[in-house]
Amino acid sequence: MDPVLTTLAPLLTTLASDVAGAAAEPAGLLPARQQMALSLGWHIVLACFGVALPTIIAVVHWRGAFRGDQGALLLAKRWGKVSAVLFAIGAVSGTVLGFEMGLLWPGLMGTFGDVVGLAFAFEGLSFFVEAIFLGMYLYAWGRMDPRHQFWMLVPMAVSGISGTFFILSVNAWMNAPVGFDIVDGEVVNIDPWAVFTNDQVWMQFLHMWLAAFMVAGFAVAAVYAAGMLRGRRDRHHRLGFMVPFAFATVAALMQPFVGHLLGLRVAETQPAKLAAFELALETESPSPLRLGGIVVDGEVVGSIDVPVLGSVIARNSFTEPVQGLDTIPPEDQPPVNVVHLAFQTMIGIGSLFVLVVLAFWGARWRGRDLLENRWFLRAVVACAPLSVVALQAGWIATEVGRQPWVVYGVMRTTEAAGDNSGLWWLLGATTVVYTAMTVGAVLVLRSMARRWRDGEEDLPSPYGPEPGDAEVEPAGAETAR
């Protein structure tokens with residue numbers, strides 16, 4: 001045989017295999033993946049504020065309404081208007097996601113729509129309840145006693161929590177499918193209520209709920225930390241920092257424990273995902289903890305290995321191994337490097353948050369005020385974008401780690417996608433729309449902040465008439481003056 005052909009034969013075989021594999025994939029698979037990554041990754045950030053902000057607002061509103069703290073009531077009023085802006089653009093992105101499920105993944109929804117449809121319906125109801133009471137809350141300023149107005153925040157907070165639970169129940173079901181049988185290729189014996197009680201739903205819900213408070217808490221605290229860096233160290237900024245930072249503290253300290261318990265379940269339910277998390281190419285007993293590193297030509301490169309610690313963290317044992325990827329068929333393995341790096345990014349940022357909050361409260365316990373320390377304020381400002389990075393990294397680890405399955409062990413992602421190559425046009429249009437909404441939201445929020453600094457407090461609420469001439473004051477306001 002010609003030496004040149006002998007040299008090129010393996011390469012040509014590989015290329016032919018890749019082409020054949022690409023041809024076997026539906027034309028709509030890649031644009032569907034890109035579209036879902038864009039829209040879900042964008043929407044989930046806004047969803048965090050929809051989940052957490054009502055509860056954070058409730059704390060300052062209660063302080064203002066029932067304890068006569070006018071500064072706290074002012075914060076509640078401002079944060080309510082910010083919440084309205086974020087909720088409005090979140091409604092657009094959420095609606096887009098609702099249509100996308102059937103458009104991008106016809107195989108999934110056509111087969112399992114009856115199983116997960118109830119959860120989507122309940123999530124929609126939660127959204128409408130939160131929207132209704134948010135509108136009532138905004139409209140009530142200046143027209144209702146703030147003590148009565150406070151109770152409108154309760155259904156807002158509850159619906160934010162319930163909406164998170166319902167949508168996370170669908171994702172948990174995708175990781176641990178229940179509520180149906182497959183007989184002769186047909187989905188039968190459907191029980192949509194089982195989606196809410198599958199083995200993973202509560203821990204996934206709690207993990208995401210805490211993440212929402214970390215994102216919203218650090219983001220709001222960062223705004224006031226940035227103000228203090230510019231010399232605005234009045235009570236308004238300190239209170240605006242302390243309340244959301246307290247919520248972020250609780251979430252940051254609880255999250256490692258919740259994540260650990262959730263990770264223990266992954267060892268039993270999705271061993272390929274755990275192997276990618278831990279970069280375990282082979283089964284080792286005990287397993288090391290690998291910090292950093294990637295797989296190159298079937299070998300781990302650039303990692304720092306800590307002996308035994310992998311088994312301790314992933315299996316709660318000094319000897320129990322992490323099942324290696326060598327025991328899993330190649331066609332059932334996720335993209336290892338992406339999953340591993342995303343997982344460790346999430347863990348690394350979460351560990352940094354723990355250090356930041358412990359430093360603040362530890363210094364406060366010793367009588368030191370780190371709000372006077374510019375380096376600490378800079379660290380808090382950095383925590384805002386880092387919380388978003390950790391959130392996105394966590395979702396990448398979860399969703400990419402489940403590949404190649406869209407419904408684990410039942411339906412592959414290639415089976416869920418359609419064959420519509422025109423989805424690339426939809427991706428382009430969605431990118432333009434989301435970019436415009438992002439720019440618009442930033443401009444509106446910056447304009448609101450500037451006008452508030454200039455003393456314009458009565459900015460009009462969206463979709464509501466101008467407030468009345470006479471405003472109702474909270475109980476104790478006269479005494480406070």
Side-chain angles (χ1 to χ4, degrees), residues 21-47 89-124 127 163-164 166-177 179-180 187 190 192 195 204 208 273 334-335 338-339 342 391-438:
E25 292 183 349
L29 178 61
L30 184 56
R33 278 177 161 159
Q34 301 301 320
Q35 172 85 7
M36 206 67 188
L38 169 66
S39 52
L40 185 58
W42 197 89
H43 178 76
I44 195 65
V45 178
L46 295 173
I89 59 175
V92 176
S93 60
T95 302
V96 170
L97 277 169
F99 284 104
E100 282 180 352
M101 291 302 296
L103 182 63
L104 302 180
W105 311 109
L108 171 64
M109 300 309 295
T111 306
F112 295 107
D114 290 341
V115 182
V116 298
L118 187 63
F120 281 119
F122 283 162
E123 193 276 336
F127 167 81
T164 304
F166 291 132
I167 205 66
L168 261 294
S169 67
V170 175
N171 187 262
W173 174 85
M174 295 166 75
N175 288 313
F180 64 93
V187 176
I190 294 172
V195 173
Q204 279 198 220
M208 180 60 213
K273 178 186 287 188
V338 174
V339 176
L391 176 74
Q392 302 288 2
W395 273 107
I396 291 171
T398 298
E399 298 304 292
V400 179
R402 191 179 61 244
Q403 299 305 310
W405 305 100
V406 65
V407 181
Y408 188 75
V410 178
M411 175 179 280
R412 293 180 182 269
T413 308
T414 52
E415 299 171 310
D419 204 30
N420 183 5
S421 59
L423 292 178
W424 287 110
W425 291 101
L426 177 62
L427 175 60
T430 305
T431 302
V432 172
V433 171
Y434 279 20
T435 301
M437 287 197 298
T438 302

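For the single chain, residues carry numbers from 1 onward in sequence order.
The structure places CH2 of Trp105 at 6.0 Å from OG1 of Thr413, a figure rounded to the nearest 0.5 Å. The line from CG of Leu38 to OG1 of Thr435 is 7.5 Å long, rounded to the nearest 0.5 Å. Of the inter-residue distances, the one linking Leu40 atom CG with Gln35 atom CD reads 11.0 Å to the nearest 0.5 angstrom. Atom CZ of Phe166 sits about 8.0 Å away from atom CG of Leu118, to the nearest 0.5 Å. Interatomic distance, Glu100 CD to Leu423 CG, rounded to the nearest 0.5 Å: 9.5 Å. Annotation: the span from Ile89 atom CD1 to Leu46 atom CG amounts to 4.5 Å, rounded to 0.5 Å.
One N or O on the side chain of Gln392 and one on the backbone of Gly41 form a donor-acceptor pair closer than 3.5 Å. For Arg402 (side chain) and Val406 (main-chain N/O), a donor-acceptor pair under 3.5 Å exists by modelled atom type. In this structure, the side chain of Asn171 does not engage the main chain of Ile167 through any donor-acceptor pair within 3.5 Å. In terms of modelled atom types and a separation under 3.5 Å, the side chain of Asp419 and the main chain of Ala27 share a donor-acceptor contact.
Inter-residue side-chain proximity for Leu391 and Met208 is flagged as met; some heavy-atom pair is nearer than 4.5 Å. Using a 4.5 Å heavy-atom cutoff, the side chains of Leu426 and Leu103 are in contact. Annotation: side chain of Thr438 is in contact with side chain of Trp42 (closest heavy-atom distance under 4.5 Å). For the pair Pro192 and Asp114, the minimum side-chain heavy-atom distance is 4.5 Å or more.
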Steps toward side-chain contact (heavy atoms from CB on, under 4.5 Å) verdict (Arg33, Leu104): CA-CA 8 Å; Arg33 278 177 161 159; Leu104 302 180; over 6 Å; no

Go through Asn175 and Trp405 one step at a time and tell me if the side-chain contact (heavy atoms from CB on, under 4.5 Å) criterion holds. CA-CA 9 Å; Asn175 288 313; Trp405 305 100; over 6 Å; no

Take Phe112 and Ile190 through the test side-chain contact (heavy atoms from CB on, under 4.5 Å) and record every step on the way to the result. CA-CA 9 Å; Phe112 295 107; Ile190 294 172; over 6 Å; no

Between Trp173 and Gln204, is a side-chain contact (heavy atoms from CB on, under 4.5 Å) present by the stated rule, with each step listed? CA-CA 10 Å; Trp173 174 85; Gln204 279 198 220; over 6 Å; no

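Across all non-hydrogen atoms, the minimal contact from Ala91 to Phe127 is CB-CZ, 3.6 Å. Heavy-atom minimum distance, Pro334 versus Val400: CB-O, 3.5 Å. The two residues Ala393 and Ala342 make their nearest non-hydrogen contact at CB-O, 3.4 Å. Val410 approaches Pro177 most closely through the heavy-atom pair CG2-CG, 3.9 Å. Of all the heavy atoms in Pro335 and Gln403, the pair that sits closest is CD-CB, 4.4 Å. Considering every non-hydrogen atom in both Glu123 and Gly163, the closest pair reads CG-O, 3.6 Å.
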